[in-house]
K.L.:
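My questions will all concern the structure given below.
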Amino acid sequence: MKATRRLRSLVFHAAAVAASIVVLYPAVWMVMSSFKPGNQIIGNTSILPETWTLENYVTAFGGIGGVPFTSFVWNSVVLAVLSVVGTVASSAVAAYAFARVSFPGRNVMFAVMIGTLLLPFHVVIIPQYIMFNSAGLVNTYVPLLAGKFLASEAFFVFLMVQFIRGIPRELDEAARIDGCGHGRTFGLVILPLMRPAIITTSIFMFIWSWNDFLGPLLYLKDPDLFPLPIALRQYVDQTSVSDYGAQMAMAVLALVPVALFFIIFQRYLIQGVATQGLKG
Amino acid sequence: MRRQTGTAAVLAVVALAAAGCGGSGQGGEGEDVVLDFAWWGDETRAERYEQAVALFEEQNPGVDVRTSYASFSDYWTARNTEAAGGALPDVIQMDVAYLAEYSLNGQVAPLDEHLGETIDVSEIPESLLPSVQVDGQTTAIPTSTNTLGTLYNADTMDALGLDIPEDGPLSWDDYDALLTDIAEAGAEEAEPVYGASNYTTVFWLFQIWLAQQGKALFDGEGGLGFDEADLAEWWGRAEPLYESGAFVPQQQLDQIEGADAIGLGVTASETSWDNFLVRFSEGAGGAEMVMVPPPADDPDERGLFLKASLMLSMASNTDHPEEAASFIDFIVNDPEVGEIFGMSRGVPASSAALEGWEAEGLDAQILEYEQSVQDYVSPAPPPAVGFGTMEAEFARIAEEIGHGAVTVDEGVDQWFELAEAAMAG
């Protein structure tokens, strides 16, 4: 009896280890490749570098075409932080309205908002570009951030609406008896209770913004404004010489903040998902 | 209690305001003319363009050039979006695959009125000009030229004890035989060496092969200049070479995608653009290369042509055509710019850009090769609508034949069908 249980646990762990090796292999390969000389990266299957070098990191820190590496990091941070702040603030307000305020057309508007989830980004690229271009806002961060401050990320609004619906109405009623209007009910009762949903939203938004490539590619022209994902692609161009080493080094550096962010906040993320299931 | 609500509201307002000024104040309304210039390339090209632009701004006070760049495919994603919005940068780097489309849609402006005035084309070979004309109008100026060459990895050939045929072009059958010899000798190496990767996937080499028989890819009137039998014969060349092991299996090529087979020593010979010499020699792998003319059955009929590359076009939505034209002229003709770029773009199209400096190392090797075949080049094929698609599909179908997924005849039918659709727009 005991032996079978032990065997089962052994098999389970062996399978889990095997699976994580497969999952982690690309990441390990990337980190290791960043220490290889550029000409040993592709076409060479060994994980450990034959010769270790920091050359790639020197190149990456040296920046691209006169734009320093720190500029790319700073731009990514600015975009990510503003995206998080904007999305959380606007989605929370919008979600409160959908969940608690009854106004004419609420259900229709809610359906329309959910409908935008089904609309692929690629369909709206060109009209959006024309709009921002005629407003003279191309080559600024406005096109990338305006939507975030207007609760255009329907997914997060929906997530928060569902969360608020799970908060007992009695709390609102108690606040109302104490004399609160919608503003203070939201600010003093609902918002503090929404912490898990807000953290989930922040983590996802941070990662999405950090990794966003197409938006910055279309709207930013000036290399001084480029965030990291654009800079990463600068090392590899199929029509000329490609520096895979520097690309790997910069990819590792670009992953550090997002990995740290995830490690720090992951317990909240799990908490957020866990409490979402609880009603009342 | 009240204070807390207030803080939240203030935060939201501050955040909104911050978004509004996220643009860090680009492009003030000064008196300077601002030219936007976009190009594709890597970071080394970025540094070169930065230097060239700085020179231009120094010589043209009052003109401010703002550059922007991306890798090739990203570059065209961004340009296509801008073109749809009528907001292309004033000057854009142009490729032959997109020239016909952008010209016929009126997205890039005809440059004829500037030729001989602001833009000097007297130093550009006449044979190059048809390849930048669409409907009789010049819509791009080439900065450089490329031509095809057959490269050999000298280290590998040495190790195998084989000689590189350096006296004039081999005939096609002799070249195939040499590839087979390489594969036979290379099979005994620890890491087997193959002759070449499948050269029938190269659309431009097909043009050379056709030209040697007096035909061409396009008839110059919007149609194709060859028929199904020609293509079947060309693609048919690959089968015996796969059987004899002269061609590296497609699966193995897929594994090293991103690097070059010849640079890594997986193959000993490739036929490619002459400026790729730098990439093969310095990129992943890296070895000494020897470049000779591509095969030809009749050494006087080589079918070679100069391909205009890294062209510059002016957007038709530009507000400053004069300044844009003088910028194009500067990048094309200025000898200092020529020296900054060396042969990294290919050989400068304008001989004015070659004056006053000496090419060194690999640059000298490319220049020497292009000059050695100068007497054999004929005018370049004119741009055609759908060229980009045709080239991509040509390579894809040829690879599928290599995989054995389709037969040559099926592949030929597929390609003609796709080509007709692409030409229709």
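Residue numbers begin at 1 in each chain, while the letters A, B, ... track the order of the sequences. Hydrogens, waters and symmetry mates are skipped; everything else that's a heavy atom, side chains included, is used. In this text the structure is predicted, and so the values were computed from the model without any measurement.
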K.L.:
Nearest 0.5 Å, what's the CG-NZ distance between A:Leu82 and A:Lys148?
P.N.:
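Rounded to the nearest 0.5 Å, the CG-NZ separation comes to 10.5 Å.
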K.L.:
Listing request: all side chain to side chain donor-acceptor pair (under 3.5 Å) pairs with a residue in residues 81-97 of chain B, at least two apart in sequence or in separate chains.
P.N.:
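Those involving residues 81-97 of chain B are A:Lys221-B:Glu82, B:Tyr49-B:Gln93, B:Arg79-B:Glu82, B:Asp90-B:Thr318.
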K.L.:
Tell me, side chain or backbone of A:Leu137 under 4.5 Å from chain B's heavy atoms, or both, or neither?
P.N.:
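Contact with chain B involves no heavy atom of A:Leu137 at all.
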K.L.:
Go through the structure and list residues passing salt bridge (Lys or Arg N to Asp or Glu O under 4.0 Å) with B:Arg396, not counting sequence neighbours.
P.N.:
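Checked B:Arg396 against salt bridge (Lys or Arg N to Asp or Glu O under 4.0 Å); matches are B:Glu393, B:Glu400.
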K.L.:
For the candidates A:Val67, A:Val93, A:Ile130, A:Val81, which exhibits the highest count of non-hydrogen atom pairs separated by less than 4.5 Å from chain B?
P.N.:
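Among the listed options, the one with the most contacts to chain B is A:Ile130.
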K.L.:
Within the structure provided, determine whether A:Glu153 and A:Ser83 are in side-chain contact (heavy-atom separation under 4.5 Å).
P.N.:
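A side-chain contact is absent here, since even the closest heavy-atom pair is not under 4.5 Å.
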K.L.:
Is B:Thr77 close to chain A through its backbone or its side chain, or both, or neither, when contacts mean heavy atoms under 4.5 Å?
P.N.:
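Both the backbone and the side chain of B:Thr77 come within 4.5 Å of chain A.
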K.L.:
Tell me, out of A:Tyr129, A:Phe213, A:Phe226, who's got the most heavy-atom pairs with chain B below 4.5 Å.
P.N.:
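The candidate making the most pairs under 4.5 Å is A:Tyr129.
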